[in-house]
2 protein chains.
Amino acid sequence: MATPQLTKNQTLVMDALSHSEGPMSAYTILDKLRDHGFRAPLQVYRALDKLQEYGMVHRLESINAFVACSCPHDHEHDHGVTAFTICEGCGQVTEFHDEAIEQRLSTLTRAQNFKTEKTTIEIRGHCQSCA
Amino acid sequence: MATPQLTKNQTLVMDALSHSEGPMSAYTILDKLRDHGFRAPLQVYRALDKLQEYGMVHRLESINAFVACSCPHDHEHDHGVTAFTICEGCGQVTEFHDEAIEQRLSTLTRAQNFKTEKTTIEIRGHCQSCA
DNA sequence: ATCAATTGCGTTATGCTATAACGTGTGCGA
DNA sequence: TCGCACACGTTATAGCATAACGCAATTGAT
């Protein structure tokens, strides 16, 4: 998945997420971008869809929010399964990848002949500071 | 978490989920129970909250739906981490538990001094029949 | 027995999340 | 230059979830 040149809206949404400390809901992003001409949710959702497709943004299913991918390198290759810890206190999200879990899940899904398309692993709790 | 006697509403919601082939949204449950006197979403959500607390119902975060726990035994002890495969074709949900994944996640979260409260693992794709 | 606390219930209203459906403009290759 | 793909803007609507109020039943300590 090569990363093409981003459009204006995509760039605005990406910047908003990148400069945010933690995850943001689509509507929070919308509010942040009103000064830049954003008026409707669809403008945000359409940009988010593309950014997810490019692997630059992740959706956190358990909190209906979006976060910039923390991988420093480009997004030209698949990262495999992505997992997150999400702190209920400060909202901090940590992204991580683990080959062992990926292998194990692969084994288990293969055993039931299940064809995986998207894997969600989200761990909610409290980080060191907020424990 | 001992399972107390269920209230009327809790029983109705539990029965609806148990007799369903797959997961149901709160509003779908509401519609199914209108004949039994249900009028408002809160009646469903309140019952669902308790049933989740008792470990009899799981929430599928990635599709905003609820499913009856498939464990045959009672719910008096914690099952640890619960994972699901969710078929995008037929909606079939399979629940499973894996000690290896649980261990690995525990190791990883411990490494960042993260205190886990709830773990979500949901695998979306296609089951054998729908592949 | 009585009071207070707890729990469940019902209702209305509201808020948050996401998409449908329509039309416009722009770039680009056949 | 025609047709197609894509991004965009707008309005409206659908879908998911909770706030806030009040009432009724239960329980359990005084």
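Note that the structure is a prediction, hence the values are computed from the model and not measured.
Rounded to an integer number of Å, the gap from CG of B:Asp31 to C1' of D:dG15 is 12 Å. Distance A:Leu48 CG to D:dA7 C1': 15 Å, rounded to the nearest Å. Residue B:Gln5 contributes atom CD, which lies 17 Å from atom P of C:dT7 at whole-angstrom precision. Rounded to an integer number of Å, the gap from CG of A:Leu60 to C1' of C:dA18 is 16 Å. The nearest whole Å value for the distance from the CE atom in A:Met24 to the C1' atom in C:dC16 is 15 Å. Per the geometry, CG belonging to A:Leu33 stands 11 Å off P belonging to D:dG9, to the nearest Å. Remark: P of D:dG9 and CZ of A:Arg34 are 13 Å apart, rounded to the nearest angstrom. A:Lys50 has its NZ atom 13 Å from the C1' atom of D:dC8, to the nearest Å.
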| Please walk me through it: do A:Cys90 and A:Ser129 pass side chain to side chain contact (heavy atoms under 4.5 Å, CB included)? | CA-CA 9 Å; A:Cys90 62; A:Ser129 310; 6.0 Å; no
Between protein and nucleotides 16-20 of chain D, what N or O pairs are separated by less than 3.5 Å?
| residue | atom | partner | partner atom | Å |
| --- | --- | --- | --- | --- |
| D:dA17 | OP1 | B:Arg59 | NH1 | 2.7 |
| D:dA17 | OP1 | B:Arg59 | NH2 | 2.4 |
| D:dA17 | OP2 | B:Tyr45 | OH | 3.0 |
| D:dA17 | O5' | B:Tyr45 | OH | 3.4 |
| D:dA17 | N7 | B:Tyr27 | OH | 2.7 |
| D:dA17 | N6 | B:Tyr27 | OH | 3.2 |

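A distance-only check finds no donor-acceptor pair linking the side chain of B:Thr28 to the backbone of B:Met24 [under 3.5 Å]. Between the side chain of A:Gln112 and the backbone N or O of A:Thr109 there is no donor-acceptor pair closer than 3.5 Å.
Both B:Leu108 and B:Ile121 belong to a single network of hydrophobic side chains, linked directly or stepwise wherever heavy atoms of I, L, V, M, F, W or Y lie under 4.5 Å apart.
Within the structure, the side chain to side chain donor-acceptor pair (under 3.5 Å) test picks out the following pairs touching residues 56-69 of chain B (sequence neighbours left out): B:His58-B:Glu95, B:Arg59-B:Glu61, B:Arg59-B:Asn64, B:Glu61-B:Lys118, B:Ser62-B:Glu122.
By the ring pair (Phe, Tyr, Trp, His ring centres under 6.0 Å) test, A:His97 pairs with A:His79, sequence neighbours left out.
Note on B:Gln43: a side-chain N or O is less than 4.0 Å away from OP1 or OP2 of C:dG10. The phosphate of D:dC8 (OP1 or OP2) has a side-chain N or O of A:Thr7 nearer than 4.0 angstrom.
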